[in-house]
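First up is the structure itself, then whatever we jot down about it.
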Amino acid sequence: MSANLLNYVLYQTGWFATVLGAASGHALAGSVVALAGLGLHLALCRSRRAEWTLVAVAGALGLVVDSAQTALGLLTFPSGTLAGWLCPPWIVVMWMQFATTFRFGLRPLLERPAWTALAGAVGGPLAYLAGERIGAVALGEPRAAALAVLGVVWAVALPTLGAMARRRGPGVYPTRA
């Protein structure tokens with residue numbers, strides 16, 4: 001299996017585990033599955049320090065950004081929240097896990113900052129809409145404002161994290177001899 005495919009499978013497994021876990025009231029179980037995938041990814045990475053730094057920064061950024069949106073009433077998380085204004089840990093895990101794709105399958109996109117911003121502006125809100133449809137998050141009213149803020153946040157966050165990932169070079173998993 002190629003490194004990009006394995007990375008994609010680990011990310012998608014974590015995404016579905018966190019979202020479905022949160023939607024069904026089992027946010028902790030979903031987070032454990034996602035963290036196991038994240039741990040496997042980090043164990044396989046040849047440049048663990050670079051990857052861990054990127055993952056930690058993405059998690060911190062996600063905590064700040066999604067907590068601010070929660071405090072403003074733009075996002076509501078029905079389960080897994082520890083405090084009313086603080087985003088739940090499972091969404092932070094999701095930000096961390098998303099960062100694991102930056103040096104692998106998303107690398108070609110991230111090498112084009114304008115396209116990266118556009119992808120963030122469109123893809124970020126779409127991901128939250130998918131999470132809302134499943135029942136893991138609710139967008140605040142007016143919805144257009146919540147979606148616009150998400151678009152701006154992701155139009156800035158994705159190129160910023162992408163630049164950090166580019167400076168660390170491509171991701172590499174060991175290959176079989």
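For residues 32-41, the set of pairs meeting the salt bridge (Lys or Arg N to Asp or Glu O under 4.0 Å) definition, not counting sequence neighbours, is empty. Screening residues 27-38 for side chain to side chain donor-acceptor pair (under 3.5 Å) gives no qualifying pairs among residues at least two apart or on separate chains. Within the structure, ring-ring contact (aromatic ring centres under 6.0 Å, His included) pairs that include any residue of residues 27-56 comprise H41-F104, H41-Y173 (at least two apart or interchain). Among pairs with a residue in residues 106-121, those fulfilling side chain to side chain donor-acceptor pair (under 3.5 Å) read R107-E111, at least two apart in sequence or across chains. Within the structure, the side chain to side chain donor-acceptor pair (under 3.5 Å) test picks out the following pairs touching residues 14-25 (sequence neighbours left out): S24-H26. For residues 56-83, every residue pair satisfying the side chain to side chain donor-acceptor pair (under 3.5 Å) rule, not counting sequence neighbours, is listed here: D66-Q69, D66-W95, D66-Y128.
Side-chain atoms of L10 and L40, non-hydrogen and from C-beta on, do get closer than 4.5 Å to each other. Within the 4.5 Å cutoff, the side chain of L82 has no heavy atoms near those of the P88 side chain. Residues T100 and L42 are not in side-chain contact: their nearest non-hydrogen atoms beyond the backbone lie 4.5 Å or more apart. Side-chain atoms of V137 and I91, non-hydrogen and from C-beta on, never get closer than 4.5 Å to each other. When side chains are defined from C-beta on, C87 counts as touching V92, because their heavy atoms get closer than 4.5 Å.
For the side-chain contact (heavy atoms from CB on, under 4.5 Å) test, residues two or more places apart in sequence or in another chain that qualify with R49 are T53. With sequence neighbours excluded, the residues forming a side-chain contact (heavy atoms from CB on, under 4.5 Å) with L72 are L74, listed by chain and number. With sequence neighbours excluded, the residues that form a side-chain contact (heavy atoms from CB on, under 4.5 Å) with V122 are L118, L126. R143 meets the salt bridge (charged side-chain N to carboxylate O under 4.0 Å, His left out) test with E132; sequence neighbours excluded. Scanning for side-chain contact (heavy atoms from CB on, under 4.5 Å) contacts around T13 gives V9, V33, with sequence neighbours left out.
Closest non-hydrogen pair, A157 versus L61, comes out as CB-CD2, 3.9 Å. Nearest heavy atom pair, residue G80 against residue A27, reads CA-CB, 3.9 Å. Taking every heavy atom of both residues into account, V156 and T160 meet most closely at O-OG1, 2.7 Å. Nearest heavy atom pair, residue Q97 against residue G14, reads OE1-CA, 2.9 Å. Taking all atoms of both residues into account, the shortest heavy-atom contact from G59 to M96 is CA-CG, 3.4 Å. When every heavy atom of F77 is checked against every heavy atom of A136, the shortest pair comes out as CD2-O, 3.8 Å.
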Requested in this report: With side-chain contact (heavy atoms from CB on, under 4.5 Å) as the test, would you mind laying out the steps for V19 and M94 before giving the verdict?
Outcome: CA-CA 9 Å; V19 171; M94 188 179 290; 3.2 Å; yes
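Grouping Ile, Leu, Val, Met, Phe, Trp and Tyr residues whose side-chain heavy atoms lie under 4.5 Å apart, directly or via other members, places V32 in a hydrophobic cluster with L28.
Linking ILVMFWY residues whenever their side-chain heavy atoms come closer than 4.5 Å, directly or via other members, places L106 and M164 in the same cluster. Side-chain heavy atoms closer than 4.5 Å link hydrophobic residues (I, L, V, M, F, W, Y) into clusters, and following such links, possibly through other members, connects I134 to L147. A continuous path of hydrophobic side-chain contacts links L129 to L150 [ILVMFWY only; heavy atoms under 4.5 Å]. Linking Ile, Leu, Val, Met, Phe, Trp and Tyr whenever their side-chain heavy atoms come within less than 4.5 Å puts L63 and L38 in one cluster. Under the 4.5 Å side-chain heavy-atom criterion for grouping Ile, Leu, Val, Met, Phe, Trp and Tyr, Y11 is connected to L20 within one hydrophobic cluster.
Of the possible polar contacts, one joining the R166 side chain to the L110 backbone as a donor-acceptor pair under 3.5 Å is found.
Note that OG1 of T101 and CZ of R103 are 11.5 Å apart. Values are rounded to the nearest 0.5 Å.
More than 12 heavy atoms of other residues, nucleotides or ligands shown are found within 6.0 angstrom of CZ on R48.
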